[in-house]
A.B. asks: 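My questions all concern the structure below.
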Amino acid sequence: MIPKLLTRRRFLRRLFHSLIGITLLPLAACVPPVKKLLPHPLLASMTSRGEAAAPVRFLRQLVTKDPAVSRYIAWQSDMDTPMDVELIEAGHVKGSLHPAGRRTLSDGGETNRLYEVLLTDLERDASYRYRIRSGVNAWSDWHEIRPVAHTSSASALSGAPPSDLSASAGSAVLSAVEGDTAHTGAFTALIFPDSQCDGDYTVVHDITSLARKNHPEASLAIFMGDQVDNGESPSHWRGWNEAVSPLIADLPAAVLMGNHETYALRWQMRVPHAHLAYFPLPANGTSLEGYFSSFDCGCCHFILLNTQQEELEATGLVPSLTETQLAWLEDDIAQSTAPWNIVLMHKDIVEYDYPDVHDTETGDISPTGRLFMPHFDRLRIDLVFTAHQHSYRRLGHLKDFARDETGPYYIDTGNCGNCYYDVPFNDRLEIARLPQPERGNYLTLEAARERLTIRCYLADGSPADACDLYKNG
Ligand SMILES: [Fe+2]
Ligand SMILES: [Fe+2]
């Protein structure tokens, strides 16, 4: 399997450089169908008492600008019918109903009905439960909305909605919570690297389920892009959503865009309609909503960058991606008051396939690295998580494209799907790797004001690597 995938990847990349805008991979014109669909507990649990039940699929929570006070709830259904989110705060009997907005996504030859609700004015430190209601007597299972860490600085934020969704209507009959607990901003996040699969996403279900079981304290899930192998394939999105929904129905997720989200069924570049529709990001205030964004969680300010310059900008699909994004980044960092500024971006900063052998000092830095790293140096970014290589590589502190303890800390997060590449080692930049050959991993980020601890676990849950970053020493 590895030689086949390696050939495909390099073939695609070579073609891309020479045939931008033209069909890239005619030999791989068809995306393999999902081999096995996982049973979805929420779908199975819908009950009907005299009315037709409206199936709820792929229930998910997404981060907002300030997930401590707001949460974006989305799902899909085969039926076109009014639905609500019923929300009840822990310890209370009465709740509130929040009518869902409805829209459709026609993509990849299928039409999906998307439902969405923005929950605002959540009480910090409060726990809630919620379920999806259709009609009078049809309900989904209950799920939880956990409190997300915050700091006093984060309290100035208002919980801005995702870019394409205004605040949901509905009566708010929540009872007030007494007081606001002093908070350190500490929290744990789960980080999942590339999850693209050959069509069977069982491995993604297994690794996300294991992470949830082993780290029940986690309050945030981060997905590093390339969720699916082909961004236009409905069967791949079904596979990924069925695999991950059991996790992110209960945890807010930040979902990055990868290059595979921009691939059409015939492997041409395209606007990633499905990704943009499924995972709206907090508004960034630019003309390119949905492509990059940021949010606060406890002591961390997370910056989600878009690294699809080759796929979206060079092809003319999103002409001003770099210019708009970099201008926004300056502004965003200037407004951040969090102790830690953490970048999440899909493509890595090392050029593994085609290093410039004539440049012995920086010839192994990728175009993505050359574009962004000088800005990270100048803006004093603390930590940069990347993906894309499907191989875990811890790079450490880098500045001016070289090892420097004053520079941002870089980690390529690895792989939690079933596509593996033969990635060579880079002894100049890498300080830790996983045992070869790799067969899946995930990470945790334990964040506190004074220290970040990043741990890497293998697909069986065994610890494989760890590092600490300290503030002020
Ligand atoms: Fe990937
Ligand atoms: Fe990628």
Side-chain angles (χ1 to χ4, degrees), residues 1-2 4-17 20 23-34 107-108 192-201 203-204 222-241 243-244 253-279 281 290-292 304-315 317-318 321 344-348 352-353 366-368 385-391 412-421 423 440:
M1 182 173 71
I2 290 176
K4 173 190 164 196
L5 293 168
L6 176 63
T7 301
R8 189 188 76 110
R9 177 169 179 261
R10 288 192 169 154
F11 184 30
L12 190 149
R13 191 164 181 169
R14 286 196 196 102
L15 283 175
F16 179 79
H17 285 294
I20 286 174
T23 299
L24 292 183
L25 194 54
L27 298 178
C30 297
V31 177
V34 170
D107 200 39
F192 299 102
D194 288 54
S195 58
Q196 62 191 96
C197 288
D198 61 3
D200 182 350
Y201 284 78
V203 64
V204 182
I222 294 170
F223 295 86
M224 292 298 301
D226 283 2
Q227 276 69 241
V228 293
D229 194 45
N230 186 287
E232 194 183 1
S233 168
S235 67
H236 275 253
W237 280 118
R238 275 195 297 276
W240 187 86
N241 276 309
V244 171
V255 186
L256 275 72
M257 181 190 301
N259 51 303
H260 279 252
E261 273 71 63
T262 70
Y263 294 162
L265 287 174
R266 296 185 65 84
W267 301 98
Q268 293 169 309
M269 304 302 115
R270 68 167 205 146
V271 171
H273 299 293
H275 177 90
L276 292 170
Y278 292 148
F279 310 110
L281 296 176
Y291 286 89
F292 49 86
L304 287 66
L305 294 183
N306 192 297
T307 54
Q308 278 56 258
Q309 277 71 32
E310 282 189 355
E311 294 78 9
L312 298 176
E313 190 163 22
T315 55
L317 292 168
V318 186
L321 178 60
L344 308 170
M345 64 182 196
H346 176 68
K347 287 187 181 173
D348 58 296
Y352 288 101
D353 291 332
S366 71
T368 298
F385 287 113
T386 67
H388 188 57
Q389 291 298 336
H390 300 202
S391 183
D412 192 331
T413 51
N415 186 12
C416 70
N418 66 10
C419 296
Y420 293 93
Y421 304 139
V423 182

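All values below come from the heavy atoms of this structure, side chains included, with hydrogens, waters and symmetry mates left out.
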A.B. asks: Are side-chain heavy atoms of Val255 and Glu261 found at a separation under 4.5 Å?
C.D. replies: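 The answer is no, as the side chains (C-beta and beyond) never meet within the 4.5 Å cut-off.
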
A.B. asks: Can you confirm whether the side chains of Asn418 and Asp198 place a donor and an acceptor under 3.5 Å from each other?
C.D. replies: yes

A.B. asks: Starting at CG of Leu317, measure out to OG1 of Thr262 and round the result to the nearest 0.5 Å.
C.D. replies: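 With rounding to 0.5 Å, CG (Leu317) is 8.0 Å from OG1 (Thr262).
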
A.B. asks: Between Gly108 and Pro234, what is the shortest heavy-atom contact and its length?
C.D. replies: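 Smallest interatomic distance, heavy atoms only, reads O-CG, 3.5 Å.
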
A.B. asks: Ignoring hydrogens, what is the shortest heavy-atom contact between Thr386 and Thr413? Give both atom names and the distance.
C.D. replies: O-OG1, 2.7 Å

A.B. asks: Is any side-chain heavy atom of Tyr263 closer than 4.5 Å to a side-chain heavy atom of Met269?
C.D. replies: yes

A.B. asks: Kindly compute the distance separating CZ (Phe279) from CG (Leu304), expressed to the nearest 0.5 Å.
C.D. replies: 12.5 Å

A.B. asks: Rounded to the nearest 0.5 Å, what separates atom OG1 in Thr368 from atom CG in Asp348?
C.D. replies: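 If we round to the nearest 0.5 Å, Thr368:OG1 and Asp348:CG are 7.0 Å apart.
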
A.B. asks: Can you classify the ring geometry of His275 versus Trp237 as parallel (below 30°), tilted (30 to 60°) or perpendicular (above 60°)?
C.D. replies: tilted

A.B. asks: Would you sort out whether Trp240 and Phe223 count as a ring pair (Phe, Tyr, Trp, His ring centres under 6.0 Å), showing the intermediate values?
C.D. replies: CA-CA 12 Å; Trp240 187 86; Phe223 295 86; 5.3 Å; yes

A.B. asks: Verify side-chain contact (heavy atoms from CB on, under 4.5 Å) between Met257 and Leu312, making sure each step is shown before the conclusion.
C.D. replies: CA-CA 11 Å; Met257 181 190 301; Leu312 298 176; 4.0 Å; yes

A.B. asks: Working note: His346 + Gln308, criterion side-chain hydrogen bond (donor to acceptor under 3.5 Å, both in side chains); need CA distance, chi angles, decisive distance, verdict.
C.D. replies: CA-CA 8 Å; His346 176 68; Gln308 278 56 258; 5.3 Å; no

A.B. asks: If you take all heavy atoms of Asp226 and Gln196, which pair is closest and at what distance?
C.D. replies: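 Between these two residues, the closest heavy atoms are OD2-OE1, 2.9 Å.
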
A.B. asks: Before giving the answer on side-chain contact (heavy atoms from CB on, under 4.5 Å), spell out for Leu276 and Tyr291 the whole-Å C-alpha distance, their side-chain angles and the decisive distance to 0.1 Å.
C.D. replies: CA-CA 8 Å; Leu276 292 170; Tyr291 286 89; 3.6 Å; yes

A.B. asks: For residues Gly231 and Ala274, report the shortest heavy-atom separation together with the two atoms involved.
C.D. replies: O-CB, 3.5 Å

A.B. asks: Does the Gln227 side chain pair with the main chain of His260, one donor and one acceptor, at a distance under 3.5 Å?
C.D. replies: no

A.B. asks: I'd like to check Leu321 versus Gln309 (side-chain heavy atoms, cut-off strictly below 4.5 Å). Are they in contact?
C.D. replies: yes

A.B. asks: Where do Tyr201 and Asp229 come nearest, in terms of heavy atoms and distance?
C.D. replies: OH-N, 3.2 Å

A.B. asks: So, taking the atom named NZ in Lys347 and the one named CD in Glu311, what distance separates them when rounded to the nearest 0.5 Å?
C.D. replies: 3.5 Å

A.B. asks: Give, for atom CG of Asn259 and atom CG of Asp194, the distance between the pair rounded to the nearest 0.5 Å.
C.D. replies: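 Rounded to the nearest 0.5 Å, the CG-CG separation comes out at 8.0 Å.
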
A.B. asks: Please examine the side chains of Asn415 and Ser391, heavy atoms only from C-beta on, and report whether any two atoms are closer than 4.5 Å.
C.D. replies: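 With C-beta onward as the side chain, the pair stays apart.
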
A.B. asks: How close do Val203 and Cys197 get, counting heavy atoms only, and between which atoms?
C.D. replies: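 Looks like CG1-SG, 3.7 Å.
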
A.B. asks: Nearest 0.5 angstrom please: His388 NE2 to His390 NE2, how far?
C.D. replies: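 Reported to 0.5 Å precision, the distance equals 7.5 Å.
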
